[in-house]
There are 2 protein chains.
Amino acid sequence: MKEMKIDNIGDFLKSKNIKPSFQRIRIFEYLMNSIEHPTVDEIYKALIGEIPTLSKTTVYNTLNLFIEKRIVHMVTIEENEVRYDADVSDHGHFKCDICGKVYDFKANIIELDTDLSESFIINQKDIFFRGTCPSCSKKN
Amino acid sequence: MKEMKIDNIGDFLKSKNIKPSFQRIRIFEYLMNSIEHPTVDEIYKALIGEIPTLSKTTVYNTLNLFIEKRIVHMVTIEENEVRYDADVSDHGHFKCDICGKVYDFKANIIELDTDLSESFIINQKDIFFRGTCPSCSKKN
DNA sequence: ATTTAGATTGTAATGATTACATTTTTATTA
DNA sequence: TAATAAAAATGTAATCATTACAATCTAAAT
């Protein structure tokens with residue numbers, strides 16, 4: 001999910017040195033408007049109706065390009081499948097072990113105190129919590 | 001990697017309600033002494049010499065049991081394969097995008113400021129950074 | 001209009017993980 | 001101790017996400 005609104009996705013992609021093909025625009029748009037953190041399969045299924053020639057390989061290629069250009073984050077919450085997030089700002093993910101739902105939360109990662117040497121160049125910071133979400137803990 | 005030394009792994013497993021079979025003891029011991037965060041395949045290959053009848057299914061079963069009993073953490077750093085860590089204390093992982101090596105670092109996760117409601121029950125906290133490690137950035 | 005690079009597609013292969021049934025080991029009871 | 005039951009380990013086969021690669025299509029450039 002992206003808080004900042006991008007009015008013209010084509011121009012945004014261009015500004016990141018990405019040629020704005022139709023598929024790329026629609027994939028980024030879908031990811032931007034997703035509250036969940038969709039998998040490749042979910043993105044593919046959501047767009048195949050509108051783009052009948054879309055192939056899963058294109059979704060993979062496009063997402064890998066977006067990651068390389070740093071406009072999308074890979075979220076390895078699940079064991080088996082990778083999820084994607086168009087919100088590249090610092091924030092955390094909470095996964096409920098019961099219902100499997102993933103919640104976003106704000107975290108002040110910049111102020112996190114670590115013993116990591118200055119000579120490590122950090123490109124991405126992820127915070128990931130697991131546990132039981134309020135609605136599932138109520139049921140027990 | 002586990003900082004705290006466990007002198008008798010069998011007793012330790014028993015204390016966690018895990019029957020200490022030979023395979024389970026050896027798998028936990030291997031994980032405890034690993035500086036890296038081995039994959040299922042790495043654990044299997046490391047032990048097959050010593051335990052020729054060991055099956056990969058057993059490694060999977062055992063690790064899933066350890067996770068359930070909270071004595072091992074799943075580390076989803078890689079895209080494709082899950083890694084495991086016998087250090088369940090709060091700490092972070094840094095993965096170098098160039099050489100792929102994973103570094104542990106200390107992080108004061110408890111003091112991390114988040115907007116997550118109190119009604120979320122947190123069982124596991126993970127911090128994961130990506131970037132370039134000192135030895136790889138020197139080379140460029 | 002032609003050429004060329006880039007983007008998309010489909011097929012097939014790879015490789016991690018799980019399902020499930022069978023066998024082996026360990027614990028329990030008579 | 002022997003018999004029985006429960007738990008653990010094993011092997012095979014299946015599933016499914018991901019990638020490799022070659023072919024086709026599209027769009028930009030000359």
Side-chain angles (χ1 to χ4, degrees), chain A residues 9-11 13-14 16-30 36-69 71-85 100 102, chain B residues 9-11 13-14 16-30 36-69 71-84 100:
Chain A
I9 293 168
D11 289 348
L13 293 180
K14 260 188 241 171
K16 298 286 177 177
N17 275 318
I18 299 167
K19 293 207 174 171
S21 74
F22 180 63
Q23 286 88 339
R24 286 174 176 177
I25 289 172
R26 289 298 295 117
I27 289 170
F28 188 78
E29 191 176 19
Y30 178 77
E36 314 279 328
H37 308 77
T39 62
V40 164
D41 199 58
E42 283 162 3
I43 297 168
Y44 174 76
K45 281 187 179 133
L47 297 178
I48 188 68
E50 179 190 347
I51 316 169
T53 63
L54 185 68
S55 84
K56 240 182 203 178
T57 311
T58 298
V59 182
Y60 276 107
N61 289 342
T62 303
L63 289 169
N64 287 337
L65 179 71
F66 287 171
I67 286 164
E68 198 186 304
K69 298 291 185 184
I71 62 169
V72 161
H73 266 187
M74 191 185 328
V75 186
T76 52
I77 289 168
E78 302 294 321
E79 297 81 67
N80 292 337
E81 45 187 14
V82 176
R83 294 180 170 275
Y84 298 90
D85 193 345
V102 176
Chain B
I9 293 168
D11 289 350
L13 293 179
K14 261 188 241 170
K16 298 286 178 178
N17 274 318
I18 299 168
K19 294 205 176 173
S21 74
F22 180 63
Q23 286 87 339
R24 286 174 176 176
I25 289 173
R26 289 297 295 115
I27 290 171
F28 188 78
E29 191 176 18
Y30 178 78
E36 313 280 328
H37 308 77
T39 62
V40 164
D41 199 57
E42 284 163 2
I43 297 168
Y44 174 77
K45 281 186 179 133
L47 297 178
I48 188 67
E50 179 190 346
I51 317 169
T53 62
L54 185 68
S55 84
K56 239 180 205 181
T57 312
T58 298
V59 181
Y60 275 107
N61 289 342
T62 303
L63 288 169
N64 287 337
L65 178 70
F66 286 171
I67 286 165
E68 197 186 306
K69 298 292 185 182
I71 63 169
V72 161
H73 266 187
M74 191 183 332
V75 186
T76 52
I77 289 168
E78 301 294 320
E79 297 80 65
N80 291 335
E81 44 188 17
V82 176
R83 293 179 172 274
Y84 298 89

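Naming convention: chains lettered A, B, ... in sequence-line order (proteins, then strands); numbering from 1 in each chain. Since this is a predicted model, take the numbers as computed values, not measurements.
- How far OH of B/Tyr30 is from CG of B/Leu47: 7.0 Å, rounded to the nearest 0.5 Å.
- Nearest approach of B/Leu54 to B/Gln23, heavy atoms of both residues: CD1-CG, 3.9 Å.
- Side-chain atoms of B/Glu36 and B/Arg83, non-hydrogen and from C-beta on, never get closer than 4.5 Å to each other.
- As rounded to whole Å, 9 Å separates atom C1' of D/dC16 from atom CG of A/Asp41.
- At whole-Å resolution of the value, OH in B/Tyr44 and P in C/dA16 are 13 Å apart.
- Using a cut-off of 4.0 Å between Lys/Arg side-chain N and Asp/Glu carboxylate O, B/Arg26 and B/Glu29 are scored as salt-bridged.
- Computed from coordinates, the B/Asn64 CG to D/dA8 C1' distance equals 14 Å when rounded to whole Å.
- A/Lys56 is listed as a side-chain neighbour of A/Asp41, based on a closest heavy-atom distance under 4.5 Å.
- If you measure from atom CD of B/Glu42 to atom P of C/dT17, you get 11 Å, rounded to the nearest angstrom.
- Atom CE of A/Met74 and atom P of D/dA17 are 17 Å apart (whole Å).
- Rounding to whole angstrom units, CD1 of residue B/Ile43 and P of C/dA16 are separated by 13 Å.
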For nucleotides 8-14 of chain C, print each protein N/O atom paired with a nucleotide N/O atom at under 3.5 Å, atom names and distance only.
residue: C/dT8; atom: OP1; partner: A/Ser21; partner atom: OG; Å: 2.2
residue: C/dT8; atom: OP1; partner: A/Gln23; partner atom: OE1; Å: 3.1
residue: C/dT8; atom: OP2; partner: A/Arg24; partner atom: NE; Å: 3.4
residue: C/dT8; atom: O3'; partner: A/Gln23; partner atom: NE2; Å: 3.2
residue: C/dT9; atom: OP1; partner: A/Gln23; partner atom: NE2; Å: 3.4
residue: C/dT9; atom: OP1; partner: A/Thr53; partner atom: O; Å: 2.7
residue: C/dT9; atom: OP1; partner: A/Thr53; partner atom: OG1; Å: 2.8
residue: C/dT9; atom: OP1; partner: A/Leu54; partner atom: N; Å: 3.3
residue: C/dT9; atom: OP2; partner: A/Ser55; partner atom: N; Å: 3.2
residue: C/dT9; atom: OP2; partner: A/Thr58; partner atom: OG1; Å: 2.7
residue: C/dT9; atom: O5'; partner: A/Thr53; partner atom: O; Å: 3.0
residue: C/dG10; atom: N7; partner: A/Thr57; partner atom: OG1; Å: 3.4
residue: C/dG10; atom: O6; partner: A/Thr57; partner atom: OG1; Å: 3.4

Return a table of donor-acceptor pairs under 3.5 angstrom between the side chains of residues 59-66 of chain A and protein atoms on other chains or two or more places apart.
residue: A/Asn61; atom: ND2; partner: A/Thr57; partner atom: O; Å: 3.4
residue: A/Thr62; atom: OG1; partner: A/Thr58; partner atom: O; Å: 2.6
residue: A/Asn64; atom: ND2; partner: A/Tyr60; partner atom: O; Å: 3.3

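- Rounded to whole Å, atom P of D/dT10 lies 8 Å from atom CD1 of B/Ile27.
- What separates CZ of B/Phe66 from C1' of D/dA8 is a distance of 12 Å, to the nearest Å.
- The side chain of B/Tyr60 contributes no N or O atom lying less than 4.0 Å from OP1 or OP2 of C/dT18.
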